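Structure record follows, encoded as structure tokens.
Computed from a prediction, not measured in an experiment: that's the story for all the values here. Reckoned from all heavy atoms, side chains included, excluding hydrogens, waters and symmetry mates.
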Amino acid sequence: MKKLNVAIIGATGMVGQRFLLLLENHPLFNVTHLAASASSAGKKYRDAVKRWNFSTPIPQNFADMTVLDATADMKSIAASVDFCFCAVNMKKDEIRVLEEAYAKCECPVISNNSAHRSTPDVPMIIPEINPEHTEVIKYQRARLGTKRGFIAVKSNCSLQSYVPLLHPLKKFGIKSVAVTTYQAISGAGKTFETMPEIIDNVIPFIGGEEEKSETEPLKIWGRVENGKIINADSPAITAQCLRVPVSDGHTAACFVSFERKPTKEEIIGAWESFSGEPQRLALPSAPKKFIHYLSEENRPQPALDRGCENGMAVTVGRLREDAVFDYKFIGLSHNTLRGAAGGAVLLAELLAAKGYLQ
């Protein structure tokens, strides 16, 4: 099979760097263009990167590529690739305009950004949970006046630590959810060197994060109707989000009440047996098993479990009954793999398999 040519827009940032590590030897995608801000344009990639955030060095086949201007070179980039990943660090309104401009240049955009997550005809997909939302793309193309171009987005990184665990339990009738996420500093694009204020500290505020945590799941569980995604009416979700001194891995303490309270065995069985379209299609980045239940009383832990199945699986443990809600448990996902670049790559693989990235 011929590989699809790909551009990475926002290639110099932390998520852009992770894209390069994931795509260096990808079986379906070939990175041919790197783009960033005007200040990076014209430089070799190795020189444009102010700080390389990973222990693995810059892949050699990208190090000497010339970085293009994401805005000024848009038309030539769009004409030269089959689609692009977008992970730019700009104001939300500017990102919204940029991504739509690429789509109107007939370049499909797989976005890691939040700018279009609330746009009604832009699908926000966790591939194992709502792959059917790809059907809204035809309506978005009609609105944009495009044949190939469209925008698809991945959800907020912290959602991966609890929404995949709630989804298999919906058959029991989830009434209400309370969740507190303990989010790694890489979710802010930081390392311990660039965020010294987090050492020996917890910061109980992440701008906009609680609103996203409460509303984005309802879009994921929504339905396509009249060319738009209509958010689900339930369950009610309340969230708190904290930044903690962890390099990678978002942890969630989740509390759930049900219409019909399942047994502990039924919950574990629902998790263990859950599988989605990426597993059925054997997509290259898909974990063989999406959800792993850990029975040890002190698991999951970021240091031990964030790398489960190359960081693309979700781990869960400490399931027990609760005095206020029916049950409580702890979830964990790797925020820059499943939650960011890896989730976007898996979404692109799904879209390619469904024929949207011809």
Worksheet item: Any link between Leu357 and Ile77 through a network of hydrophobic side chains (Ile, Leu, Val, Met, Phe, Trp, Tyr) touching at under 4.5 Å?
Response: no
Worksheet, complete the sentence: Going by chain and number, the hydrophobic cluster around Phe192 (ILVMFWY, side chain to side chain under 4.5 Å) further includes Ile185, Met195, Ile198, Ile199, Ile203
Worksheet item: To the nearest 0.5 Å, how far apart are CD1 in Ile58 and NZ in Lys44?
Response: 13.5 Å
Fill in: Interatomic distance, Ser161 atom OG to Gln183 atom CD [nearest 0.5 angstrom]
7.0 Å
Discussion item. Testing Ser275, Pro168, Pro287 one by one against Glu128 for a side chain to side chain contact (heavy atoms under 4.5 Å, CB included), which residue passes?
Written reply: Pro287
Fill in: Any side-chain donor near an acceptor of the partner, Ser155 and Gln160, under 3.5 Å
yes
Item to complete: With sequence neighbours left out, write down each residue that passes side-chain contact (heavy atoms from CB on, under 4.5 Å) with Ser80, or none if nothing qualifies.
Response: His33
Practice prompt. Answer yes if Leu351 and Ile126 sit in the same cluster of Ile, Leu, Val, Met, Phe, Trp and Tyr residues linked by side chain heavy atoms under 4.5 Å apart, and no otherwise.
Written response: no
Worksheet item: Using 4.0 Å as the upper bound for N to carboxylate O, is an ion pair formed by Lys354 and Glu277?
Response: yes
Practice prompt. Would you please say whether a donor-acceptor pair under 3.5 Å links the side chains of Arg338 and Ser333?
Written response: no
Worksheet item: So if you build clusters from Ile, Leu, Val, Met, Phe, Trp, Tyr with side-chain heavy-atom gaps below 4.5 Å, do Leu294 and Met312 land together?
Response: no
Worksheet item: Using 30° and 60° as the class limits, which term best fits the ring planes of Trp271 and Tyr293: parallel, tilted or perpendicular?
Response: parallel
Worksheet entry | Approximate separation, where rounding is to 0.5 Å, of Arg117 CZ and Asn113 CG | 7.5 Å
Worksheet entry | Non-hydrogen side-chain atoms of Val314 and Leu332 separated by less than 4.5 Å | no
Worksheet item: Got a sec, which residues hit side-chain contact (heavy atoms from CB on, under 4.5 Å) with Ala115, two or more places apart in sequence or on another chain?
Response: Lys92, Ile95, Arg96
Worksheet entry | Salt-bridge criterion met for Glu266 and Lys171 (N-O under 4.0 Å) | no
Item to complete: Would you please indicate if the ring centroids of Phe83 and Tyr356 are separated by under 6.0 Å?
Response: no
List the atom pairs, donor and acceptor, that lie under 3.5 Å between side-chain atoms in residues 250-261 and the rest of the protein, sequence neighbours left out.
from, atom 1, to, atom 2, distance (Å)
His250, ND1, Ala184, N, 2.9
Lys261, NZ, Glu321, OE1, 2.5

Taking distance alone, no hydrogens or angles, what donor-acceptor pairs closer than 3.5 Å link side-chain atoms of residues 228-239 to residues at least two apart or in another chain?
none

Discussion item. We want to know whether Ser158 and Asn335 form a side-chain donor-acceptor pair, criterion being a heavy-atom distance below 3.5 angstrom.
Written reply: no
Worksheet entry | Distance-only polar pair, side chains of Asn5 and Asp82, donor-acceptor under 3.5 Å | no
Worksheet item: Could you state the interatomic distance from CZ (Phe290) to CD (Gln279), rounded to the nearest 0.5 Å?
Response: 7.0 Å
Worksheet item: CD1/Ile8 to CG/Leu20 distance, rounded to the nearest 0.5 angstrom?
Response: 4.0 Å
Item to complete: Using the ring-ring contact (aromatic ring centres under 6.0 Å, His included) rule, pick out the option among Tyr162, Phe172, Phe274 that qualifies with His167.
Response: Phe274
Item to complete: Answer with yes or no after comparing the ring centroid distance for Phe19 and Phe85 against a 6.0 Å cut-off, counting only values under it.
Response: yes
Worksheet item: Counting only heavy atoms not in Asn226, do more than 12 fall under 6.0 Å of its CG?
Response: no
Worksheet item: Taking atom types as modelled and ignoring hydrogens, do the side chains of Glu209 and Asn156 form a donor-acceptor contact shorter than 3.5 angstrom?
Response: yes
Item to complete: Would you please say whether a donor-acceptor pair under 3.5 Å links the side chains of Thr191 and Asn53?
Response: no
Discussion item. Through direct or indirect side-chain contacts below 4.5 angstrom among Ile, Leu, Val, Met, Phe, Trp and Tyr, which residues connect to Leu304?
Written reply: none
Item to complete: Give, for atom OH of Tyr102 and atom CD1 of Ile9, the distance between the pair rounded to the nearest 0.5 Å.
Response: 3.5 Å
